[in-house]
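Proteins come first, then strands; the chains are lettered A, B, ... in the order of their sequence lines, and each starts at number 1.
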There are 2 protein chains.
Amino acid sequence: MNRVADRLRVGKGFRLSDVDPAGDDLGPGDHGQARLEIDQLEPEVALLHEKMWAESRRGGRKSILVVLQGMDTSGKGGATKVIDLLVDPLGFGVVSFGKPTDDEKAHHFLWRHQLQLPEPGRIRLFDRSHYEAVLVERVRDLTPADVWQGRYDEINEWEATLTDGGMRIVKCMLHISKEEQKERLRARLEDPTKHWKYNPADLEDRALWEDYMAAYQDALVRCSTEAAPWYVIPSNHKWRRDWLIAHLLHECMSGMGLAFPSHDFDVAAELERLERT
Amino acid sequence: MNRVADRLRVGKGFRLSDVDPAGDDLGPGDHGQARLEIDQLEPEVALLHEKMWAESRRGGRKSILVVLQGMDTSGKGGATKVIDLLVDPLGFGVVSFGKPTDDEKAHHFLWRHQLQLPEPGRIRLFDRSHYEAVLVERVRDLTPADVWQGRYDEINEWEATLTDGGMRIVKCMLHISKEEQKERLRARLEDPTKHWKYNPADLEDRALWEDYMAAYQDALVRCSTEAAPWYVIPSNHKWRRDWLIAHLLHECMSGMGLAFPSHDFDVAAELERLERT
């Protein structure tokens with residue numbers, strides 16, 4: 001039970017530097033098998049999503065927030081595609097968080113994320129998230145240390161209120177090696193149709209790799225709570241990353257006690273009414 | 001060129017009652033062939049979407065709004081799935097418009113739709129839309145006649161400002177026969193896992209079928225403009241509906257002049273910088 005979640009969950013004594021971004025001991029051994037097993041999950045995940053949606057039509061409060069974090073090129077777009085493949089688009093949405101606007105900066109740092117939370121029945125994916133407030137803002141010195149240091153607790157308290165309200169939060173760090181990032185950036189530069197994805201400033205973040213890993217280490221350990229654990233997804237292999245994300249989502253939804261709600265009409269009487277129309 | 005759009009576009013002298021909801025003269029002749037041809041469109045539509053997104057990263061203003069309207073069970077969920085299959089989930093979002101809240105009713109009827117428009121580079125799907133203000137509100141007498149009668153012009157003016165700003169608006173009415181709706185409602189009632197989708201009040205709208213068709217006729221004719229035409233999609237066959245929607249979207253995007261933007265960095269120099277990291 002919950003095998004993938006148990007393998008990937010950030011717990012006591014976790015050290016990011018101990019995680020192998022290749023993840024060779026996890027899941028199937030090749031791309032074809034991974035794809036096959038993901039496709040097999042689709043009907044089950046779709047059915048669970050339909051049940052969550054149906055419950056919400058009768059007042060249910062359950063929803064799911066998926067948080068994706070990772071360095072440039074770590075595969076947030078690809079991971080989004082695999083989730084999109086599994087769930088119903090009517091009840092699924094993606095929000096990408098970039099640099100905050102002046103208006104957003106005038107508010108508390110969690111304000112813009114609060115506005116984008118999923119309604120009951122829905123799955124919302126945050127492509128980058130409130131965690132940037134203790135990652136890029138810390139590494140790039142955009143926020144004074146005494147401010148960002150207080151944010152871990154603020155995040156934990158906020159997330160606890162969300163899970164108390166019926167939301168499941170699945171936080172995934174897509175972990176690639178520094179060498180893998182170099183290859184992916186090189187591939188972007190060598191393919192003219194991918195030049196638009198490249199920004200010379202990407203190399204500035206790359207130069208701060210160790211600082212980012214230290215910031216991730218702290219965020220992962222300080223904010224992996226019972227209510228909202230962090231999972232580190234070895235992501236050097238895209239197909240393994242997709243397989244792990246798909247199983248994590250499936251395991252999460254399987255544990256939510258989702259069921260079609262009972263109805264309050266007489267089926268036979270409604271069939272008769274219908275026939276008369 | 002634009003064959004599907006030309007066949008389905010609501011033009012001068014259009015009469016909804018002339019449209020055959022089976023659509024037997026449109027597209028391929030069976031489910032398997034339709035699915036194959038939709039799958040073949042996927043890489044092209046995805047590439048066009050990527051180009052639109054890339055343009056927007058460099059200041060481009062193009063976006064797409066897809067409006068889906070239709071009677072209960074006409075297949076708005078299924079049509080959403082086929083679009084979701086073709087585009088990139090990072091740049092795609094769905095908004096379902098239900099009965100307006102008190103807060104929404106206190107505003108102009110277009111207010112809540114304005115808030116949900118796509119940003120540049122994105123595709124947004126409205127599952128029901130501002131057209132409900134001249135459909136259900138008219139048929140159910142929720143709004144005085146002199147108010148809803150003014151809304152056709154208001155909608156046309158609003159949509160024109162949107163298309164002037166770079167948005168394409170693709171408005172689709174999913175057209176099923178009254179008999180087909182009966183079969184779909186019966187199927188819902190006969191499948192316990194679909195009971196949650198059934199609401200006894202669905203039969204009240206069904207009893208007003210002719211009034212709805214009259215309201216659709218007026219909305220389609222009065223609001224099918226050069227800037228934002230209406231398309232009527234014969235939807236008795238789900239696979240034909242999907243094929244038509246997919247081709248309509250593809251034709252729309254093919255006509256937007258989308259291209260990857262030029263970049264302002266020296267690729268060789270960036271490759272060298274990268275190698276030194």
At a 4.5 Å cut-off on heavy atoms, which part of [X] comes close to chain A: side chain, backbone, both, or neither?
X      : result
B/D84  : both
B/E55  : neither
B/A207 : neither

**OP:** Working to the nearest 0.5 Å, report the span between OG of B/S96 and CZ of A/R122.
**Re:** 5.5 Å
**OP:** Rounded to the nearest 0.5 Å, what's the gap from OH on B/Y198 to CG on A/L271? Could you check?
**Re:** 7.5 Å
Original post:
Around A/R61, counting heavy atoms of other residues, nucleotides and ligands shown, do more than 12 lie under 6.0 Å from its CZ?
Top reply: no
Subject >> Other residues, nucleotides, ligands: >12 heavy atoms within 6.0 Å of B/K238 NZ >> reply: no
Pairs of heavy atoms under 4.5 Å with chain A: top-ranked of [options]:
options                       : answer
B/K76, B/H263, B/K197         : B/H263
B/R58, B/R186, B/R57          : B/R186
B/L274, B/V94, B/D202         : B/L274
B/L85, B/D127, B/D264, B/T193 : B/T193

**OP:** Return the option, out of A/L47, A/L90, A/I83, A/L185, with the maximum number of heavy-atom pairs under 4.5 Å with chain B.
**Re:** A/L90
Subject >> Winner by heavy-atom pair count (cut-off under 4.5 Å) against chain B, out of A/W53, A/W209, A/F260 >> reply: A/F260
Original post:
Can you check salt bridge (Lys or Arg N to Asp or Glu O under 4.0 Å) on B/E50 and A/K194, steps first, answer last?
Top reply: CA-CA 10 Å; B/E50 190 176 353; A/K194 297 297 174 201; 2.9 Å; yes
Subject >> Distance-minimising heavy-atom pair for B/L189 and A/V267 >> reply: O-CG1, 3.5 Å
Original post:
Minimum heavy-atom separation for B/P200 to A/R273, with atom names?
Top reply: O-NH1, 3.4 Å
Original post:
Is the shortest heavy-atom distance from the side chain of B/P261 to the side chain of A/H195 under 4.5 Å?
Top reply: no
Original post:
Does some side-chain heavy atom of B/W196 sit less than 4.5 Å from a side-chain heavy atom of A/K51?
Top reply: no
Original post:
Got a donor-acceptor contact below 3.5 angstrom from the A/K81 side chain to the B/D88 backbone?
Top reply: no
